[in-house]
Amino acid sequence: MRELLTLAGDLQSRFQEHVRDYTLAHDQLTVTVAKTDFQQFALALRDEYQYETLMDIAGVDYLQYGVAEWQTEDASGEGFSRAVEPATAGHFTFSDAPAQATDMEERFAVIYQLLSIENNDRLTLKLFCENNDFPVVPSVTSIWSSADWYERECFDLFGIAFDGHPDLRRILTDYGFVGHPFRKDFPLSGHVEMKYDEEQKRVVYQPVSIEPRVLVPRVIRKDHRYQEDQAAEEQASDA
Amino acid sequence: MPEIKNYTLNFGPQHPAAHGVLRLVLEMDGEVIERADPHIGLLHRGTEKLAESKPYNQSIGYMDRLDYVSMMCNEHGYVLAIEKLLGIEAPERAQYIRVMFDEITRILNHLMWIGAHGLDVGAMAMFLYAFREREDLMDAYEAVSGARLHATYYRPGGVYRDLPDSMPKYEVTRWREKSEVKRLNTVREGSLLDFLQDFTERFPKCVDEYETLLTDNRIWKQRTVDIGIVSPERAMQMGFTGPMLRGSGVEWDLRRKQPYEVYDQLDFKIPVGTNGDSYDRYLVRVEEMRQSNHIISQCIQWLKDNPGPVMLEDYKIAPPPRMNMKADMESLIHHFKLFTEGFCLPEGEVYTAIEHPKGEFGCLLISDGANKPYRLKIRAPGFAHLSGLNEMVKGHMLSDVVAVIGTQDIVFGEIDR
């Protein structure tokens, strides 16, 4: 196993224009990379750093990152604090869905998990998409064959296009599906439901009849125990 | 002579050899496959999106339903991701229990695979033999969790409860006579560990039986030898893991190379193949069953000697004992908070991987500090394997497609998620 910090430093000094940032947390090295010449960088990782296997590609939509679904009114003379419904992804109906965040700098990211069987270590690459309306990243299918289906999946679920992919079709959703279901502004229930129509004698699509709802609201609680841990970890990594 | 053109053949999604809901569009030249285009997603339930809408513990049950023939291993991957982000570790006894049930699950999975693979290529009897032993192991599942398939037994911080002191027993019914019930119940008189110990003593002979049926069987060898050969380089390129990679001769097993839980304290061997064909993968999986059996017997011994807690005593993550709730206000509050809101994870991203019976089962967990995952990405081994199907069947006959699907050990629950 290679020393991850040395590897990170090595990568950063050698690929200054590619490596934007890196973090080492939970024994895992995550390198944030730039889009320019990403394929060259990936090729170097495969051939010179022995990352011969691409384990996984995951899309992430950061639209609602750090947004809680639990809001309270302050206590007043009339009573205690009460929970109120905020307008987050889980709650909206189809008519009042939240507007697309245009002020967000980088909404979509693609996360690559690389494995080096020869050296027995892993590397996580994180690539942010520049354009929020039409996210595009370079395809790595020519470098790792396994990227083929992973990129198709990522395109299907998040609408991230992979430039240079030979066959970028939908993979998991239905034939003729509209939208990208894993985006945070896509409701959990979907937009359409399917039923058998007795009169037309065939299966038809219709708008969903269930109301959007949240069973357990999303709550963000900053636990001081973890913050202390994180602070200690940061100090250690600085040192 | 008339010119023969390539034609397209549709295979599935409703086909007994499609292992569920696989649709293959095959481009054929006579009976030879030119190109195979698998259409997947017919079992897509959006597990990852569902997990984003629920507190962490409520999604454990979804993990069982991913690869529905190796339930507890899926749970293990998910639970480990949570534990890694929380920075906690289960008590040693819980780790041994998890390892033992991981290996039970591996045997369950491989038995299902050997039965289905046999059925695919015409060995009908294999299925009946495999299901005989599966029954015993599912009884072990039932004894420990109450469910035969979807256990939801692993929890962040340990396992749901300690191993039971007694096994459920058969009862006399209209279809089962007293003498039959007595025979079935003789091994179920003691605790679960006694039952499993008896199983580990019996099981090697059962594997011998399977091997008698298949290993030197002429038809079996004709259907599997030199079918779907994958070179080690291509296997790594295509993201193959588990027996699919080891069958090609790459000695890679996460239990040994990146050990989790107590695997580094256990003795087992990693079988590898030489040719990378379906027959080698068969031999690898059969040997894995023997090794799993060996691991289980080591775990039984340890668990018998070392009683102890099976759950972390951190009431911010694991609920306090039920008796405490009756008298202790703080326990009641902890219980209420855990079951209404759940626990929050610190902000961060982790990727954990375990050696699932089919290969590397990975969980990428992104938390923004909430009580629900911000994003959960499941890396299912079968997904990468099926994407390599085209390359594996190219140039083979139509009937070999079925043999390759069998050797890949495809389960749609995990591929479609």
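Because the structure is a prediction, the values reported are computed rather than measured. In the text below, chain A, chain B and the rest are named by the order of the sequence lines, each starting its count at 1.
For A:Leu157, the part lying near chain B is the side chain, with the backbone staying farther off; criterion is any non-hydrogen pair under 4.5 Å. Heavy atoms of A:Ile57 lying under 4.5 Å from chain B belong exclusively to its backbone. Interface residue A:Ile171: backbone and side-chain heavy atoms are both found under 4.5 Å from chain B. At a 4.5 Å heavy-atom cutoff, the contact between A:Glu52 and chain B is made by backbone and side-chain atoms alike.
The shortest distance between side-chain heavy atoms of A:Ser146 and B:Phe383 does not fall below 4.5 Å. The closest side-chain heavy-atom distance from B:Glu360 to A:Gln113 is not below 4.5 Å. Considering only heavy atoms from C-beta on, B:Phe240 stays 4.5 Å or farther from A:Thr53 through its side chain.
Ionic pairing of B:Arg417 and A:Glu153 is present here: one or more N-O contacts between side-chain nitrogen and carboxylate oxygen are shorter than 4.0 angstrom. For B:Glu349 and A:Lys126, the salt-bridge test passes: some basic side-chain N is under 4.0 Å from an acidic carboxylate O. Electrostatic pairing of A:Arg169 and B:Asp37 counts as a salt bridge here, judged by a charged N lying under 4.0 Å from a carboxylate O.
Remark: side-chain polar atoms of B:Lys372 are paired, donor with acceptor, to backbone N or O of A:Val216 under 3.5 angstrom. Judged by distance alone, the side chain of B:Lys49 and the main-chain N or O of A:Phe186 form a donor-acceptor pair under 3.5 Å. Remark: the backbone N or O of A:Phe182 is not paired with any side-chain donor or acceptor of B:Glu52 at under 3.5 angstrom. Between the side chain of A:Asn120 and the backbone N or O of B:Lys257 there is at least one donor-acceptor pair closer than 3.5 Å. Formation of a donor-acceptor pair under 3.5 Å by the A:His26 side chain with backbone atoms of B:Leu85 is not found in this model. Of the possible polar contacts, one joining the B:Asn371 side chain to the A:Val219 backbone as a donor-acceptor pair under 3.5 Å is found. At least one donor-acceptor pair closer than 3.5 Å links the side chain of B:Arg379 to the backbone N or O of A:Met55.
Between B:His39 and A:Tyr175, the ring planes are tilted. Angles from 30° to 60° get that label.
Taking non-hydrogen atoms and a 4.5 Å limit, the residue list of residues 41-49 of chain A in contact with chain B, ordered by number, reads A:Arg46.
For the set B:Glu233, B:Met238, B:Arg234, the entry with the most heavy-atom pairs within less than 4.5 Å of chain A is B:Met238.
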